[in-house]
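What follows is one structure encoded as structure tokens, with my remarks underneath.
Both counts, for ligands and for their atoms, begin at 1 and track the order of listing.
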Amino acid sequence: MTTLLPTTLVGSLPKPSWLAQEESLWAPWKLSGDELQEGRHDALALAVADQLRAGVDLVCDGEQTRRHFVTTFIEHLGGVDFERRETVRIRDRYDADVPTVVDAVHRERPVFVEDAKVLRGLTDRPVKWTLPGPMTMIDTLADRHYGSREELAWEFAAILNAEARELEAAGVDVIQFDEPAFNVFADDVRAWGVAALERAAEGLGCTTAVHICYGYGIEANTAWKATLGEEWRQYEDVFPLLQRSSIDMVSLERHNSRVPAELIGLLRGKTVMVGAIDVASRTVETPQEVAATLREALEHVDPDRLVASTNCGMAPLPRALARAKTEALVQGARIVREELA
Ligand SMILES: [Zn+2]
């Protein structure tokens with residue numbers, strides 16, 4: 001990207017109320033069949049228009065064509081029975097109703113490639129596409145076939161890689177893998193998590209990114225965060241591993257979090273997407289607050305390696321609020337960009 005301090009959203013945006021119930025995760029679609037297909041792509045166009053109007057540099061689809069960032073991908077795979085749903089505990093934190101792996105998993109056809117082509121057709125700006133990471137995928141389903149988290153993660157990594165290569169061919173500039181599970185299972189991250197992530201990104205010529213966060217602004221996550229103490233140092237385990245990895249860009253949570261800013265320095269050499277918008281708060285940040293977060297980050301990352309972003313997806317927020325936060329992000333980045341110029 002040629003712009004200094006480019007802006008981007010982590011991924012999801014709220015859906016229009018005619019498409020799915022607002023302010024809830026996993027909300028069922030309100031349309032079906034051809035109407036649903038058209039509705040999802042209309043919503044995608046609206047999400048892109050909002051970002052372009054605000055002035056976002058690296059544009060994403062707002063995840064308007066998926067019910068959920070992990071389960072929608074899984075439900076498109078063979079070997080997964082999405083009628084057979086089981087309740088599992090996600091990231092040791094909350095229970096969710098998820099699909100079940102009942103046989104060898106495989107990708108029968110591209111999952112998001114047609115949607116990515118729609119996104120590509122809506123703007124000349126660089127575009128980003130998000131995929132779940134292998135570890136977060138295995139943490140968001142019930143496995144009744146493999147009996148090994150690691151084995152299943154490697155299977156998913158190969159499937160993600162096939163999808164990612166087709167997304168790149170469709171014109172996607174940045175492919176981002178979402179791995180919130182990296183903040184919870186440090187031993188697995190070290191043993192095989194980063195390697196599986198690299199396998200998912202293998203051979204890609206576009207920019208690769210990983211997003212690691214403390215989750216959506218939902219009650220279960222807020223309660224969990226309250227137990228993490230004065231300083232959140234989970235990134236301290238993960239960042240040195242990512243710094244040595246083949247992944248180009250790391251997205252982290254920062255504004256209003258208790259993540260010490262100096263942990264950003266552990267990523268030296270990587271591009272860093274710093275969260276300057278709190279997705280768990282209903283208060284719209286001022287551009288000055290965004291600028292302050294970015295200035296602080298600049299003490300630990302070179303200006304040409306900093307991307308201004310949100311802490312996580314904004315799917316559970318009201319649409320007007322998500323729009324206002326997007327505008328604050330862009331305006332805040334502009335302040336710091338002018339200071340640097
Ligand atoms: Zn997140």
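Judged by distance alone, the side chains of Glu179 and Thr136 do bring a donor and an acceptor atom under 3.5 Å apart. In summary, the side chains of Thr65 and Asp115 do present a donor paired with an acceptor at a separation below 3.5 Å, with no hydrogens or angles considered. Side chains of Arg254 and Asn311: no donor on one and acceptor on the other come within 3.5 Å.
If you look at the Zn ion (ligand 1), the protein N, O or S atoms less than 2.8 Å from it are His211 NE2, Cys213 SG, Cys312 SG.
Note: Phe112 and Trp129 have tilted aromatic rings, judged against thresholds of 30 and 60 degrees for the angle between ring planes. The aromatic rings of Phe69 and Tyr216 stand perpendicular to each other, their planes meeting at an angle above 60°, with 30° marking the opposite boundary.
Although no hydrogens or angles enter the test, the distance criterion places no donor-acceptor pair under 3.5 Å between the side chain of Gln243 and the main chain of Leu266.
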